[in-house]
Amino acid sequence: MTKRLCLVAAIVLTAAGCSSPRDAASVLRDAQQAMGSVNSIQYSGTGMNAFFGQALTAGQEWPRRDMSSYTRTINYEQRSARDEMNFAQPTFGGQQQNTQVNGEKAWNVGPAGPAPQPPAVAEERQLGIWLTPHGFLKGAAASGNATLSGTEGASVISFTALGKYKVDGTIDAQNHVSKVETKIPNPVLGDTDLVATYSDYKDFSGVQFPTKILVEQGGFPLWDLTITSVTPNAALDLAVPEVVASASAPAVQTMSTKLANGVWHVTGGSHHSVVVEFSDYIAVVEAPLDEARSLAVIAEAKKLVPKKPLRYVLTTHHHFDHTGGLRTYVAEGATVMTHQSNVPYFEKTLAAPATISPDAQSKAAKMPMLQGVSGKDILTDGKQTIEVYATSGDTHTNEYTLVYLPGPRILIEGDAYSPGPPGAPVPPMPPPNAVALYDEVQKLKLNVATIAPIHGRGAVPMAEFTKFVGKK
Ligand SMILES: [Zn+2]
């Protein structure tokens with residue numbers, strides 16, 4: 001703009017100054033200039049990574065897991081990233097974890113080498129790259145669809161990442177990325193808020209990087225990090241391991257084993273279910289993982305018990321890996337029978353929108369029907385009977401229900417006991433939650449003959465469990 005035009009503009013806009021018009025491109029340019037440009041980055045620190053979906057009580061925060069060290073390395077051009085976590089305590093997945101992504105391929109590196117991860121995990125990790133401060137600026141600039149809203153000093157740049165994630169980033173008065181938010185699909189929660197907050201920016205070799213990172217997912221902290229060192233343009237070349245490149249997503253499989261008249265253990269994956277036939281309907285105990293697993297189990301149930309409606313689905317506890325199929329069952333018209341303490345939570349999640357990855361319930365929009373269990377509840381037709389006992393849980397969850405079939409004397413339980421391979425050695429010290437399960441069964445005076453677990457090799461005689469917990 002010439003001086004003269006500037007003067008005119010200044011008069012017209014009354015002291016608006018003389019700058020180029022604010023648009024998405026200029027805001028991104030200013031931010032990139034202020035924050036410094038990198039092709040790759042490595043940042044390290046300490047903090048915590050929470051166990052998403054594994055709250056002690058439904059609706060409470062995710063359990064925090066402290067890390068003694070954390071390092072993330074990202075190559076923005078390669079769309080690759082590596083996270084190295086050292087947890088302070090032993091945790092599910094190992095005390096040391098190493099997760100990687102390169103484009104559409106994701107894998108974890110453990111003592112047994114690289115383990116391929118499903119496409120949904122790769123997508124989430126890739127999205128994670130575009131949610132970092134520099135990644136956001138690069139992603140928005142490269143998208144060709146960035147738009148500007150907000151106000152000066154709190155500009156909001158929005159773009160669509162990976163074809164379906166609307167990403168909104170806030171740029172503050174210092175031209176730093178202070179917040180990046182999006183929504184991701186989740187089988188339990190539907191559209192799930194994912195919000196990264198960046199603060200306390202410092203200079204690292206000419207590049208500005210936040211020393212405080214807080215990432216919240218589903219309303220509760222997932223990552224809370226204090227960053228102590230940053231290396232701009234750190235080298236990272238993550239070749240996709242051959243075993244990962246050639247891996248195909250495992251097919252959903254079901255196998256069923258008849259445990260008693262009208263009772264089948266449906267296995268074939270990491271989490272099992274139990275199908276129970278009543279005179280007029282079917283009940284399924286446990287709806288784990290996701291819609292794909294649930295559709296397969298429902299199809300199996302209908303094959304085992306033709307021409308009867310699926311009327312009930314029961315849960316052992318609310319953890320997401322055990323309830324990711326509930327929305328599918330609700331869409332099918334089933335009533336959810338669960339611990340009373342889960343009812344307010346599931347009333348919300350079962351009716352939540354799922355627009356990013358639409359599921360059966362987002363189309364059926366059925367009003368969720370829940371039957372909360374406190375104390376004892378039963379389903380019976382006079383011949384077949386299921387007893388459900390609400391317990392106060394253990395160190396894994398503050399609520400679980402024990403599902404017991406008094407006729408064939410079968411107990412169905414979730415994570416407290418998962419039978420290993422035949423002949424596996426009895427642990428020198430039995431796991432406390434297995435002992436708690438044993439004590440609960442004694443307290444309730446359940447005359448169990450067989451345990452049909454949700455995890456593990458399959459149904460086992462009660463005697464094997466008794467030996468496992470060192471009671472006989
Ligand atoms: Zn669990």
Side-chain angles (χ1 to χ4, degrees), residues 49-65 87 89-95 97 121 186-189 192 217-218 220 222 265-267 269-274 284-291 293-294 297 313-329 336-343 345-346 349-350 372-373 388-404 411-420 427 430-441 451-460 465 468-469:
N49 167 233
F51 204 172
F52 178 72
Q54 304 284 320
L56 275 172
T57 298
Q60 289 185 352
E61 68 168 0
W62 320 125
R64 300 168 80 92
R65 302 178 299 182
F87 290 99
Q89 303 290 329
T91 183
F92 184 79
Q95 198 162 347
Q97 295 184 23
V121 171
N186 179 269
V188 174
L189 300 176
T192 302
Q217 185 168 305
F220 298 108
L222 181 69
H265 207 197
V266 180
T267 60
S270 58
H271 295 60
H272 318 317
S273 299
V274 177
V284 175
V285 185
E286 209 76 323
L289 299 176
D290 53 24
E291 184 143 284
R293 177 81 204 155
S294 301
V297 173
V313 61
L314 291 81
T315 68
T316 62
H317 65 302
H318 79 279
H319 285 171
F320 285 16
D321 59 317
H322 289 256
T323 55
L326 285 183
R327 288 175 60 98
T328 315
Y329 283 82
V336 179
M337 206 166 164
T338 191
H339 197 287
Q340 179 61 40
S341 70
N342 296 336
V343 170
Y345 189 69
F346 285 144
T349 63
L350 293 169
V373 181
V388 188
Y389 297 92
T391 82
S392 52
D394 53 23
T395 63
H396 181 69
T397 163
N398 284 337
E399 56 80 25
Y400 67 72
T401 57
L402 287 180
V403 181
Y404 182 58
L411 176 73
I412 304 161
E413 56 82 32
D415 292 343
Y417 172 57
S418 305
N433 289 346
V435 177
L437 170 64
Y438 180 86
D439 292 344
E440 195 74 48
V441 168
I451 295 188
I454 301 303
H455 297 291
R457 77 170 195 269
V460 295
F465 175 55
F468 182 82
V469 291

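The residues of the chain are indexed from 1 along the displayed sequence. Just so it is clear, the structure is predicted and the values come from calculations on it, not from any experiment. In each ligand, atom 1 is the first atom listed, and ligand 1 is the first ligand listed.
Aromatic ring centroids of His271 and His455 lie under 6.0 Å apart. Centroid-to-centroid, the aromatic rings of Tyr389 and Tyr404 stay 6.0 Å apart or farther.
Paired with Asn433 under the rule side-chain hydrogen bond (donor to acceptor under 3.5 Å, both in side chains), one option of Thr397, Asp415, Thr395 passes, and it is Thr395.
Applying the side chain to side chain donor-acceptor pair (under 3.5 Å) rule to Thr91 yields the partners Arg65; only residues at least two apart in sequence or on another chain are considered. The salt bridge (charged side-chain N to carboxylate O under 4.0 Å, His left out) check on Glu440 picks up Lys443, with sequence neighbours excluded. Contacts of His339 classified as side chain to side chain contact (heavy atoms under 4.5 Å, CB included), with partners at least two apart in sequence or in another chain: Ser341, Asn342, Ala390, Glu399, Thr401.
Listed by chain and number, the protein N, O or S atoms at a distance under 2.8 Å from the Zn ion (ligand 1) are His317 NE2, His319 ND1, His396 NE2, Asp415 OD2.
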